[in-house]
Amino acid sequence: MWLWLCALPLVFVVPLVSDACFTEERIALLQISDSLRGMSTMGWLDTDDCCSWESVTCSNDTRRVSSLQLSLNGVPPEPESDPCSVKLNSTVFSAFPELQFLDFSMNHVLFQGSDGLVGLSKLRHLDLSYNCFDASFMESLGKLVPLEVLHLESTAMVGALPASVFENFRDMKDLDLSNNQLTGNLPASLFTLPRIEHLNVSRNLFEGISWSSTSGLVGLSKLRYVDLSYNCFNASYMESLRKLVSLEVLHLEFTAMVGALPASVFENLRDLKELDLSNNQLTGNLPVSLFTLPRIEHLNVSQNLFEGSIPWSSRSNISSSLRMLDISMNKLSGNFSFLWLRNLRNLEKIDLSGNVDLAIGVNFPGWTPPFQLKELLLSGCDTDKTIFAQPHFLRTQNYLEVLDLSNNSLSGSFPSWLFAPQSTLVYLNLRNNLLSGSLDHIKSTQTNLLAISLSSNNISGHLPANISSIFPNAAFLDFSGNTISGEIPSDLCNISSLEYLDLSYNNLSGELPSCLFADHPILKTLKLSNNKLGGPILGGKSHLSIRWEIYLDGNNFEGELPRYLTGNFEFQGTMDFHGNKLSGKLNVSLWFLPNLGTLNLASNSLTGELDPSICSLTSINLLDISNNNISGSLPNCNNPLALLFLNMSGNLLSGDVAPHAFFSNATVTALDLSYNQFTGNIDWIQTLGTVRYISLGRNKFNGQISPKLCVLQYLRIIDLSDNQLSGSLPPCIGDLSFQGTSSGLPYWALPCGRGFQYPAFRYTSCYEQSGFRFFTKYNLYTYRRNFIDLFFGFDFSYNKLSGEIPPELGHLTNLKALNLSHNNFVGKIPESLANMSEIESLDLSHNELSGAIPRQLSHLSSLAVFSVAYNNLSGCVPDVGQLSSFNMTSFEGNRDLREASPGSDCTAGSSPDGPSPWQPGSKEAKDPALYAVGAASFVLSFWITVGFIFCHSYGQRMVLKL
């Protein structure tokens, strides 16, 4: 009876707790589903019991939601769209008061407010990675005291971290704030979390750490994982890390650390298993303590400035746990013997590349290593030259997946034995050696091989006709820079996985398999430059399937360009056909290449006028049609082309250059219209706001050089030579500042970013300009890559410029070359030109300059070419400093200019009463007037003497005595 009465209250209580979940929680979940457009409801609508829904866990006791695993449920954003366009109010989570675990990562939503999370008093695990909110959101999260795990990776947080956020996180074990844009110092409270085990703040913009060397890190006895990489710290913080005695993983790569590595840092880190100090500027010797860590498995100190020998020998006590060793790209020297690795039975990867003075001993007959490497990278070292000829070591490694022996000058026969039937190679790089032989010796199918580079060797013979049977799964084939001959086999098209093919700089001939252009949708890059290939360009195809770039330059392709041409280029596609035998007109009216970014047709035989259809290439950034026979005027485009680089030199183009007609003045960075027949004034130059290179030489431009030219503050090189320009040179040219890049992009490279990266090598898809020309030091130079950032030159020669040379030119202290020759400049040479401290070539010849040569010019120590010939200069040639190193051809043609000689008092600016004037070929005066005066004096003296003898009595007596 009493038992029944005691149980009676339960009869009335139990029905109040339904087996289904709480209504407000079900409604909240459906609201979340609606917010995440396209979220899979995962059978949520099949039942009202949300506790049975996938990704939802409820408490068995209360039927309240305790866990939500809603990661990756939203629709991924489009590549160019706002990554967080979907908004979600955090109050929706307030419906789950007993929530302990929330994984809402990778949904790409913008959180609005934080109140809904602040009330979750039982929340232990919170992952909001790959969503969006600002750093102020963190301040609210600081109220979630029970949190043990907080992941906020890639949440677009910007700004400094509030220092108070971490003060209440006494239970925090795992904190991830990586891949944001957080700035300032890491707050000191971050390093006082007593239970923290995992800390990741990598890939931010932190500049320091707010701890003192005495107090910081003392209480972090449980910290095992620290990742501070891709921030900015200095090496002095390393000293404090020695207190983290439980540390197992430490990442400090790309932290801008400079200087020597404190040797004592690693002495206490006895549990360290993984250490990455790569890509910094650490100097000095490698500490011995690095190689005595008893549990180390992964050690990476690559891409630094370490020097000296590796502190390792046959007696070293290296941990047998070591799996990966990377000390590549330093300045290490001395010897390294693979025998020292004989106790490392777990070793899988070793990379010593880029240490040019490090002699590596590999081959030891009779020795069988205890390890089986997966990756061996010895590029650019002093590697054992017998590694192929006597492959004792390599033949013991049966599971190699990555082998890089590039840049070693290895000679001998091509190691075809590497391609045995049982080969496990996936990535092979043997580029830039001296290996000879033929690919015909490869007989076995290489199923595993994905990428191979044999470029820059002496490989000869033909490409295998059954190449797809040998490399059936290849994605990257680079056989460039060899002497491979014969035709390109059509069987290449059967390698369906091929993305990159480079056969350039060989002796290949014949026509191309047209399937490479149109029937290979995976192929991204095709390079066939500088061979002997012929036939119609693009194999006669009118549709291109190649996605990135086509290089067919330097061959014998002939005929006209395709009348119809379509393609599926991705952003900034490239077509380079320069240096062939293409003819006919340039008419692109029936081309549909909306993403074509680079078109190079230079050095062909194209004729006719430039068709207005060229305006349809609206995505073009680089257009080079130089050295053809194209005539007529520039077309007028309704929407001027947004070109960065335009080279039309060496044609028959004529007419005026109208601003904003053909190319956009706001974008052009380099402009070469030289060697044409353009006319009119050049006032339009002043509108080229971002231009850095202008070459208009050898045209028929006239008028004056406007002072408005001086607004071009990014200008590096300007060539206006051999035109009909007149008037004076604007003094404000001396105030050009030679500022940096306006766009932030490398000058000679179009936008990059695409490429291939493999463990043994990498390729980045960047079109490299063929270069632009500038005449200096009596030679025509072609400047490539980013040399423009180091060179500044002005050429105004062969015009009709007049007036005095502006003294303001002396302000151009960075100028390397100045040519004002063959004009009508008058007056004195400004002494201020001596301030052009970096000038290498200064030509003022063939003008009407007068006065003395400023002695200050002797201090121009970089001057290699100098000429003031054929002016009206006077005085003496300075015989000191740099000017004394030039022969007299630099000064000829100046009637009143004298040569200084030993012992004379001739100095620059001395009077004409000094030594006789100097002229080429003689040191005597050859002035006819002086000869006349001398002759008259002689005749007069003769007759005075005769009169004296015969008329004067004393003279007569002297004659009688004789």
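- Expressed to the nearest 0.5 Å, how far CD1 of Ile694 lies from OG1 of Thr669 amounts to 11.0 Å.
- Put simply, the side chain of Asp351 never gets that close to the backbone of Ser328: no donor and acceptor are under 3.5 Å apart.
- Looking at every heavy atom in both residues, Pro759 comes nearest to Leu377 through O-CD2, 3.3 Å.
- The aromatic rings of Phe756 and Tyr500 sit perpendicular, their planes meeting at an angle over 60°, well past the 30° parallel limit.
- Between Phe414 and Phe419, a ring centre-to-centre spacing shorter than 6.0 Å is recorded.
- Of the inter-residue distances, the one linking Leu623 atom CG with Asn647 atom CG reads 9.0 Å to the nearest 0.5 angstrom.
- With 3.5 Å as the limit, one finds no donor-acceptor pair spanning the side chains of Ser460 and Thr483.
- Shown here are the side-chain contact (heavy atoms from CB on, under 4.5 Å) partners of Ser423, two or more places apart in sequence or in another chain: Leu425, Gln446.
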For Ser497 and Asn473: C-alpha separation, side-chain torsions, deciding distance, then whether side chain to side chain donor-acceptor pair (under 3.5 Å) applies. CA-CA 6 Å; Ser497 56; Asn473 300 315; 5.1 Å; no
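- Residues Phe645 and Thr598 are not in side-chain contact: their nearest non-hydrogen atoms beyond the backbone lie 4.5 Å or more apart.
- Of the possible polar contacts, one joining the Asp624 side chain to the Ser626 backbone as a donor-acceptor pair under 3.5 Å is found.
- The backbone N or O of Ser674 sits nowhere less than 3.5 Å from a side-chain atom of Ser649 that would complete a donor-acceptor pair.
- Between the side chain of Asn448 and the backbone N or O of Val426 there is no donor-acceptor pair closer than 3.5 Å.
- Atom-to-atom distance recorded for Leu606:CG and Asn627:CG is 11.0 Å, nearest 0.5 angstrom.
- Between Tyr505 and Asn530, the side chains place a donor N or O and an acceptor N or O closer than 3.5 Å (distance only, hydrogens not considered).
- The two residues Asn300 and Met324 come nearest to each other via the heavy atoms CB-CE, 4.1 Å.
- The side-chain heavy atoms of Phe592 and Pro594, taken from C-beta on, include a pair separated by under 4.5 Å.
- Between the CG atom of Asn180 and the OG atom of Ser154 there is a distance of 6.5 Å, given to the nearest 0.5 Å.
- Judged purely by atom type and a 3.5 angstrom limit, Thr424 uses its side chain to pair as donor or acceptor with the backbone of Leu400.
- A donor-acceptor contact under 3.5 angstrom links the side chains of Asp491 and Ser468, judged on distance only.
- Between the side chain of Asn555 and the backbone N or O of Leu528, at least one donor-acceptor pair lies under 3.5 Å.
- For the pair Asn580 (side chain) and Leu552 (backbone), a donor-acceptor distance under 3.5 Å is present.
- Judged by distance alone, the side chain of His520 and the main-chain N or O of Ile495 form a donor-acceptor pair under 3.5 Å.
- Looking at heavy atoms from C-beta onward, Leu653 lies in side-chain contact with Met648 at the 4.5 angstrom threshold.
- Among all heavy-atom pairs drawn from Asn457 and Leu435, the shortest one is OD1-N, 3.0 Å.
- Taking 4.0 Å as the cut-off between side-chain N and carboxylate O, Glu570 and Arg547 count as a salt-bridged pair.
- Taking the six-membered ring where the residue is Trp, Tyr230 and Phe254 present parallel rings, their angle staying beneath 30° rather than reaching 60°.
- The closest side-chain donor-acceptor pair between Thr607 and Asn629, if any, does not fall under 3.5 angstrom.
- Under 3.5 Å, the side chains of Ser406 and Arg431 contain no donor-acceptor pair of N or O atoms.
- Among all heavy-atom pairs drawn from Asn604 and Lys581, the shortest one is OD1-N, 3.3 Å.
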Could you go step by step and tell me if Leu599 and Ile620 meet the side chain to side chain contact (heavy atoms under 4.5 Å, CB included) rule? CA-CA 7 Å; Leu599 178 61; Ile620 200 85; 3.8 Å; yes
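- A distance below 6.0 Å separates the ring centres of Tyr758 and Phe476.
- Between the CD atom of Glu549 and the CG atom of Asp576 there is a distance of 10.0 Å, given to the nearest 0.5 Å.
- When each of Glu401, Glu375, Lys374 is tested with Lys349 by the rule side chain to side chain contact (heavy atoms under 4.5 Å, CB included), just one qualifies, namely Glu375.
- The NE2 atom of His108 lies 8.5 Å from the SG atom of Cys132; values are rounded to the nearest 0.5 Å.
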Under the criterion side chain to side chain donor-acceptor pair (under 3.5 Å), I'd like the reasoning laid out for Ser605 against Ser583: C-alpha separation, chi angles, the key distance, then a yes or no. CA-CA 5 Å; Ser605 299; Ser583 57; over 6 Å; no
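- Not a single donor-acceptor pair under 3.5 Å links the side chain of Asn621 to the backbone N or O of Gly597.
- Between the side chains of Asn407 and Asn432, at least one donor N or O sits under 3.5 Å from an acceptor N or O.
- Smallest separation of non-hydrogen atoms from Ile546 and Lys524: CG2-O, 3.4 Å.
- No side-chain heavy atom of Leu641 sits less than 4.5 Å from a side-chain heavy atom of Leu646.
- At least one donor-acceptor pair closer than 3.5 Å links the side chain of Asn433 to the backbone N or O of Ser409.
- Each disulfide (SG to SG under 2.5 Å) pair with one or both residues in residues 521-566, not counting sequence neighbours, would appear here, but there are none.
- Contact record, Gly539 with Ser514: O-CB, 3.8 Å, taken as the closest heavy-atom pair.
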